[in-house]
K.L.:
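Here's a structure for you.
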Amino acid sequence: QVQLVESGGGLVQAGGSLRLPCAASGRTFGNYAMGWFRQAPDKEREFVAALSWDDGYTNYAASVKGRFTISRGNAKNTVYLQMNSLKPEDTAVYYCAAARFPSVILNEYDYWGQGTQVTVSS
């Protein structure tokens, strides 16, 4: 069993930065690939970034590539989403999730956090 808790959301001006931690618990957390998804009002939840269990592979949505970075902390129990050069269209609830593989497909993730709101003002 893996439990995930996101934090770090808030209100930021366009061009600013935020870092979202996702704290994980569970003995087998280190064996999971991690992903970040987001859901804007009246839109479907969409893939943002993914990281393999060994941190050797990353994948990003085209809309965030070059601006966002997914990483895992040294203690391996926290995953981060560093978001730079934020745009108003990045406004959404951001969710971290755990899966067997670093997929872009929402339904392939087994565990989800509760989400954290990110609002980017213009």
K.L.:
Can you list everything that forms a ring pair (Phe, Tyr, Trp, His ring centres under 6.0 Å) with Y95? Sequence neighbours excluded, please.
P.N.:
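Here no residue qualifies.
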
K.L.:
If I compare all heavy atoms of T78 with all of P21, which pair ends up nearest, and what's the gap?
P.N.:
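Residues T78 and P21, closest heavy atoms: CG2-CB, 4.1 Å.
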
K.L.:
Is it the case that over 12 heavy atoms from other parts of the model lie below 6.0 angstrom from the CD atom of Q13?
P.N.:
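No, CD of Q13 has 12 or fewer neighbouring heavy atoms, counting only those of other groups under 6.0 Å.
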
K.L.:
Tell me whether S52 contacts the main-chain N or O of Y57 through its side chain, where contact means a donor paired with an acceptor under 3.5 Å.
P.N.:
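Checking the backbone N and O of Y57 against the side chain of S52, a donor-acceptor pair under 3.5 Å is found.
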
K.L.:
If you take all heavy atoms of W36 and C22, which pair is closest and at what distance?
P.N.:
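The answer is CZ2-CB, 3.6 Å.
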
K.L.:
Would you say E46 has more than 12 foreign heavy atoms packed within less than 6.0 Å of its CD?
P.N.:
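Yes.
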
K.L.:
Working note: Y109 + F37, criterion ring-ring contact (aromatic ring centres under 6.0 Å, His included); need CA distance, chi angles, decisive distance, verdict.
P.N.:
CA-CA 11 Å; Y109 284 78; F37 290 76; 5.0 Å; yes

K.L.:
Decide yes or no for W112 and R45: does some side-chain heavy atom of the first lie under 4.5 Å from some side-chain heavy atom of the second?
P.N.:
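SC-SC contact between W112 and R45 confirmed.
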
K.L.:
Locate the shortest heavy-atom distance separating L81 from V48; write the atom from each residue and the value.
P.N.:
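Reported closest heavy-atom pair: CD2-CG1, 4.2 Å.
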
K.L.:
Is it the case that one hydrophobic cluster holds both V2 and L51, taking links as side-chain heavy atoms less than 4.5 Å apart, direct or via other members?
P.N.:
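Yes; tracing contacts between hydrophobic side chains, which count when under 4.5 Å, links both residues.
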
K.L.:
Indicate, with yes or no, if L18 and Y60 share a hydrophobic cluster defined by side-chain heavy-atom contacts under 4.5 Å among Ile, Leu, Val, Met, Phe, Trp and Tyr.
P.N.:
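Y60 clusters together with L18.
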
K.L.:
Checking side chain to side chain contact (heavy atoms under 4.5 Å, CB included) against V118, which of L20, D90, L11 comes through?
P.N.:
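Result for side chain to side chain contact (heavy atoms under 4.5 Å, CB included) with V118: L20.
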
K.L.:
At what distance, to the nearest 0.5 angstrom, does CD1 of I70 lie from CE of M34?
P.N.:
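Rounded to the nearest 0.5 Å, the CD1-CE separation comes to 7.0 Å.
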
K.L.:
Between NZ of K65 and CG of N59, what distance do you get to the nearest 0.5 Å?
P.N.:
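Reported to 0.5 Å precision, the distance equals 7.0 Å.
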
K.L.:
Nearest 0.5 Å, please: how far is OG1 in T119 from CG in L86?
P.N.:
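L86 atom CG to T119 atom OG1 measures 11.0 Å (nearest 0.5 Å).
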
K.L.:
When you measure from the centre of the six-membered ring of Y94, is the NZ or CZ of R38 closer than 6.0 Å and no more than 45° off the axis?
P.N.:
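No, cation not above the ring by the 6.0 Å, 45° rule.
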
K.L.:
Is a donor on one side and an acceptor on the other found under 3.5 Å between the side chain of R67 and the backbone of S85?
P.N.:
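Between the backbone of S85 and the side chain of R67 there is a qualifying donor-acceptor contact (under 3.5 Å).
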
K.L.:
Testing the 3.5 Å rule here: is there a donor-acceptor pair between the side chains of E108 and S103?
P.N.:
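Yes.
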
K.L.:
Taking S17 for its side chain and N84 for its backbone only, find out whether a donor-acceptor pair lies under 3.5 Å.
P.N.:
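A pair under 3.5 Å: no.
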
K.L.:
Verify side-chain contact (heavy atoms from CB on, under 4.5 Å) between T69 and Y80, making sure each step is shown before the conclusion.
P.N.:
CA-CA 8 Å; T69 302; Y80 300 95; over 6 Å; no

K.L.:
Please give me the minimum heavy-atom distance between D110 and Y32, naming the atom from each residue.
P.N.:
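Shortest heavy-atom separation between D110 and Y32 comes out as OD2-CE2, 4.3 Å.
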
K.L.:
Which atom pair, heavy atoms only, marks the closest approach of P88 to A14?
P.N.:
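Heavy atoms of P88 and A14 come nearest at CD-CB, 4.1 Å.
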
K.L.:
So how far is it from S7 OG to R19 CZ, rounded to the nearest 0.5 Å?
P.N.:
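The CZ atom of R19 is 9.5 Å from OG of S7, to the nearest 0.5 Å.
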
K.L.:
Would you give the length of the straight line joining atom CD of Q39 to atom CD of Q117, rounded to the nearest 0.5 angstrom?
P.N.:
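Reported value, rounded in 0.5 Å steps: 10.5 Å.
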
K.L.:
Under the 6.0 Å and 45° cation-pi test, does R100 pair with W53?
P.N.:
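That pair does not qualify as a cation-pi contact.
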
